[in-house]
Amino acid sequence: MDSLQTTLFNYTVIFEPESDGGYHVFCPMLRGCHSQGDHFEEALANISEAIELYLESLLADGMREPTNP
């Protein structure tokens, strides 16, 4: 039987209100990892997915996920 290992990471995200409504949100620790949403909850869900995909892409390329020093 295969053993599955789950690792939990915590990343800070910054929410910036947009002038026309909604939010721009990004993760400073993950360069280029940005998203947006019309409402706070949508922006949070979108950045969570963006972070997950970002980390999956790093791992697929044989790189390690960034961690806080």
Side-chain angles (χ1 to χ4, degrees):
M1 185 165 131
D2 290 328
S3 174
L4 297 177
Q5 181 178 356
T6 301
T7 304
L8 180 64
F9 293 98
N10 291 306
Y11 290 102
T12 298
V13 294
I14 308 296
F15 288 80
E16 297 176 328
E18 296 283 347
S19 60
D20 58 349
Y23 294 89
H24 166 249
V25 59
F26 65 98
C27 180
M29 188 76 165
L30 306 176
R31 182 178 295 230
C33 188
H34 295 252
S35 193
Q36 65 85 36
D38 292 333
H39 306 284
F40 182 87
E41 294 80 9
E42 180 183 27
L44 178 59
N46 290 346
I47 195 64
S48 296
E49 181 180 12
I51 290 170
E52 182 179 345
L53 294 171
Y54 189 105
L55 295 176
E56 285 177 7
S57 177
L58 286 180
L59 295 175
D61 289 341
M63 301 172 77
R64 297 192 53 147
E65 62 281 335
T67 56
N68 288 323

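The figures here come from the full heavy-atom set of this structure, side chains too, leaving out hydrogens, waters and symmetry mates. These figures come from a predicted structure and were not determined experimentally.
The cluster map of Ile, Leu, Val, Met, Phe, Trp and Tyr, joined by side-chain heavy atoms under 4.5 Å apart, puts Val25 and Phe40 in the same cluster. Met29 is connected to Leu58 through a chain of hydrophobic side-chain contacts under 4.5 Å among Ile, Leu, Val, Met, Phe, Trp and Tyr, so both are in one cluster. Linking Ile, Leu, Val, Met, Phe, Trp and Tyr residues whenever their side-chain heavy atoms come within less than 4.5 Å leaves Leu30 and Leu59 in two separate clusters.
Considering OH of Tyr11 and CG of Leu55, their distance stands at 4.5 Å, rounded to 0.5 Å. Interatomic distance, Ile47 CD1 to His34 NE2, rounded to the nearest 0.5 Å: 8.0 Å. Expressed to the nearest 0.5 Å, how far OG of Ser35 lies from CD of Glu49 amounts to 8.0 Å. Taking OH of Tyr23 as the reference point, atom CD of Glu16 lies at 12.0 Å (rounded to 0.5 Å).
Put simply, the side chain of Pro28 reaches to within 4.5 Å of the side chain of Ile14, judged on heavy atoms. The shortest side-chain heavy-atom distance between His24 and Phe26 falls under the 4.5 Å cut-off.
Judged purely by atom type and a 3.5 angstrom limit, Glu52 has no side-chain atom pairing as donor or acceptor with the backbone of Ser48.
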Next item on the list: Show your reasoning for whether side-chain contact (heavy atoms from CB on, under 4.5 Å) applies to Ile51 and Cys33.
Entry: CA-CA 7 Å; Ile51 290 170; Cys33 188; 3.9 Å; yes
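The two residues Val13 and Cys27 make their nearest non-hydrogen contact at CG1-CB, 4.1 Å.
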